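Read the structure below first, then the notes.
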There are 2 protein chains.
Amino acid sequence: MKILGIVSILFAVCTFAFGQKQNVDLIVAHGIVVTMNSARTIYQDGAVAVRGDGIMAVGPRAEIEGKYSAAQTIDAHAGLVLPGFVNGHTHVPMTLFRGLHDDVTLNDWLYKYIFPAEAKNVNEEFVRWGTRLAAAEQIRAGVTTFADMYYFEDAIAEETKAAGMRGVLGETFIDFPAPDNKSEAEMLAYTEKFLKKWQGDPLIHAAPAPHSIYTCSKKTLQDAAALARKYHSPILIHVAEMKKEWEDSEKQNGMSPVQYLEKLRILGPDVVAAHCIFVDATDRKTLGERGVGCVHNPSSNMIIASGVAPVPEERAAGIAVGLGTDGPAGSNNDLDIMEEIDLAAKLAKISKMDPLALNAKAVVEMATIDGARAVHLDNEIGSLEAGKKADIVLIGLNEPHAVPMYDIYAQIAYSLKGSDVETVIIGGKLVMRDRKLLTLDEPKILEKAREYGRSVKASLGME
Amino acid sequence: MKILGIVSILFAVCTFAFGQKQNVDLIVAHGIVVTMNSARTIYQDGAVAVRGDGIMAVGPRAEIEGKYSAAQTIDAHAGLVLPGFVNGHTHVPMTLFRGLHDDVTLNDWLYKYIFPAEAKNVNEEFVRWGTRLAAAEQIRAGVTTFADMYYFEDAIAEETKAAGMRGVLGETFIDFPAPDNKSEAEMLAYTEKFLKKWQGDPLIHAAPAPHSIYTCSKKTLQDAAALARKYHSPILIHVAEMKKEWEDSEKQNGMSPVQYLEKLRILGPDVVAAHCIFVDATDRKTLGERGVGCVHNPSSNMIIASGVAPVPEERAAGIAVGLGTDGPAGSNNDLDIMEEIDLAAKLAKISKMDPLALNAKAVVEMATIDGARAVHLDNEIGSLEAGKKADIVLIGLNEPHAVPMYDIYAQIAYSLKGSDVETVIIGGKLVMRDRKLLTLDEPKILEKAREYGRSVKASLGME
């Protein structure tokens, strides 16, 4: 990354010296470029030059157009140009269980609906179609990178790559027979093969995902972590999501879930911890010191009534806090990260009874640069800067709810919608242009999703 | 209304007896018709027959098509057909102040931004353009009726009618000089003229809107109510929105805001009370007994950090509780009622730490039939039933986030978006067809909104 940055600067210097324009593959121009770089620079009439899968330069349009000549130009029509959004925690195949079943207790949801539905329906083919559906939905809402935890994760990786999306994809470790692997030995073997297969892939970051401290033994947790460290992969895990999890840990381990994970030497700058609701000041200090990334899931936490994560305090402790949709089966029920941006701010304000608790800029950071930090990919993504991957979303400002605009971050957080995302580029490649998906057969995906809906209902004796 | 119902039944009986089809103006067919009638009937392949501005019949498609012959048919393409949504509380011209200014305290927001912005910018022309912008935005999100409180409300009424929307429109009474009327005498004269002008209008319900107990004297409140009762109009008012309002009322009046209004004989089955956050069991009993409608505004209450209205308890007390967006200037920032449906459920669940606190069906009721009850128009709107006005929205199910569908109410509440609304009919008249607005010049409205954005910024010395 840094080498590419230096090379691009050298190129720019040469071009300037010799008055010749440098060739790039793509220029996105005529947009309000919200870089999310460390200075949070915004170019009112900006442009982004792309070569291969990376960003060559970002700046005022006149400057970029003066320096670079592009094979293709995309006009942002005075809309917003942003780094692609990061969905830091989800379970993509569960799109096929969307809204199954809401308005029940967590216990009923798991034992009456989700576990039976998974046992009866989840296989590799199911996972592939669910991933395609989720890719279509996420691209439409401006998500370019997502972190996932599910079963048959290698199939998810193949479908994610086919859709042209970037993924941090975690194969689940859990201490009961899963739809794919029936024992810890099988989980280890499957995951090691999975990690080896995707080493060095530009889009896919394979990972082990020990589910949680309440579904994984000490050995399972440590084996999963050891595998991750052998292959320098991230570790995805649910942490301190439920009060019961915290209470049980205090009782059984004599310490909080975070301190238990710390004691097992699981925590480190490769861990992506979803939820982090029941974390006190000591826990937050530990998470910050270990470089753990946290992912806040406001819709899920509200709909399941898990609790409210102390996001302002986590940020104050130096933790990178991203945003996630969680799975769409009875805990959201969609993958619209722009709704989570809006909700994260509103939930923090009302739960602290303080309108200043978390502002619009902060929640946009959580969906971009801090989301990238939380999944440990901030050297690659999360901002529009020379040397980073060209993950770019174009958001239109031509709907009634988009005008007038007094503050760009407030508009993104509170007024604009996933449906305003017009064009999406991932790794320099167009995956959606003017709301038309380019890497997925959307009609076929919708048809299969409806078919799965019918067969899942039948399997549960619904209707 | 009831007479029309009986006539339509007689017609149907005659048609059946003589085997002849009856002419209607419009049939909406091939949709999942979610009636929101008292039995909450859903017709999987249903249809709605419309004559003039009213509904002639609702039922299974085969039955409706067998009985009626229509000049025009609209195919719902297996999407949802719902009664139009009711936005029970807003300030539509404030669309032109959208997001001005977020993430500040309520006090700073009012005194540094909103009051100066209103003093410098609000005139009749401003109000007209703001209403047009709001009409475009609301129709796009499926709102067919809204309750408004602002200044120059007669101009708002004219623009609402021109847009083909239904409105309960309240002219503000407030004890300081307003942008339109500078004294209570002027307010009374303006409002009486306003009420007279719109008597009997099929779309516009003019009303006085005494702002609140903390901005209106006892006399102002009682004069406004007397005027409403003279002309049989509703009364719109903010009630128990803020803790300070409640504390001040306890101190100054020795009772809560609700009991103070009760003592002044303001409360009755014509009052639409926005917010109702600080209402205890006694207050809720009073509101229920007096037939007051309450309007819950989750986005606004969260973003301003006002508090959480006890919606489940209000419903349990027999109060009709509707949903509102509130104004879009720093307290939302849009007029998307489908987001409020989603938020109302999520906010109730998390604030009570109970996933069963308020379910999907309840929040859909709040945006339709209970919203109609809250604004005292449930004899006209809020459900798809013979004899009611033909206010109908068609929602597509062809986006990735819309499939599969296990529960219709959960899909509406948690997955579907304002942008899924495809076609909107108000009083039998098409106002949007396949996302194209038919009663408003949208490009011109967007252009004017941007112009106003620039002049408001200049007036406040921003940028």
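Here the structure is a predicted model, which is why all the values come from computation and not from measurement. Each chain gets a letter, A, B and so on, in the order its sequence line appears, and its residues count up from 1.
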### Message
If we ignore hydrogens and angles and just use 3.5 Å, is the side chain of B:S415 paired with the main-chain N or O of A:N333 as donor and acceptor?
### Response
yes

Return the option, out of [options], with the maximum number of heavy-atom pairs under 4.5 Å with chain B.
options: A:N359, A:L397, A:T95, A:L100; value: A:N359
options: A:A345, A:G307, A:P298; value: A:G307
options: A:V456, A:D407, A:L335, A:L358; value: A:V456
options: A:W109, A:Y452, A:F97; value: A:F97
options: A:G418, A:G99, A:A449; value: A:A449

Can you tell me which portion of [X] sits under 4.5 Å from chain B's heavy atoms? Options are side chain, backbone, both or neither.
X: A:E442; answer: side chain
X: A:L347; answer: both
X: A:R98; answer: both
X: A:Y409; answer: neither
X: A:R132; answer: neither
X: A:E451; answer: neither
X: A:S351; answer: neither
X: A:A360; answer: both

### Message
Using 0.5 Å steps for rounding, measure from the CE atom of B:M302 to the NZ atom of A:K349.
### Response
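The distance works out to 10.5 Å.
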
### Query
How long is the span from the CZ atom in B:R435 to the OG atom in A:S419, to the nearest 0.5 Å?
7.0 Å

#### Entry: Heavy-atom neighbours of B:W129 CH2 exceed 12 at 6.0 Å
yes

### Query
Is it true that atom NZ of B:K120 has more than 12 heavy atoms of other residues, nucleotides or ligands lying nearer than 6.0 Å?
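More than 12 heavy atoms, drawn from other residues, nucleotides or ligands, come within 6.0 Å of this atom.
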
What I'd like to find out is whether the side chain of [X] reaches to under 4.5 Å of the side chain of [Y], using heavy atoms alone.
X: B:P400; Y: A:I139; answer: no
X: A:N301; Y: B:K346; answer: no
X: B:K417; Y: A:K417; answer: no

### Nearest atoms (heavy-atom pairs only) where B:N398 meets A:L446
O-CD1, 3.2 Å

### Query
Closest heavy-atom contact between B:I303 and A:P355?
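Smallest heavy-atom distance, with atoms named: O-CB, 3.7 Å.
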
Heavy-atom pair count under 4.5 Å with chain A, highest-scoring of [options]:
options: B:L356, B:I304, B:D354, B:D342; result: B:L356
options: B:I445, B:V308, B:N332; result: B:N332
options: B:E339, B:Q411, B:K243; result: B:E339

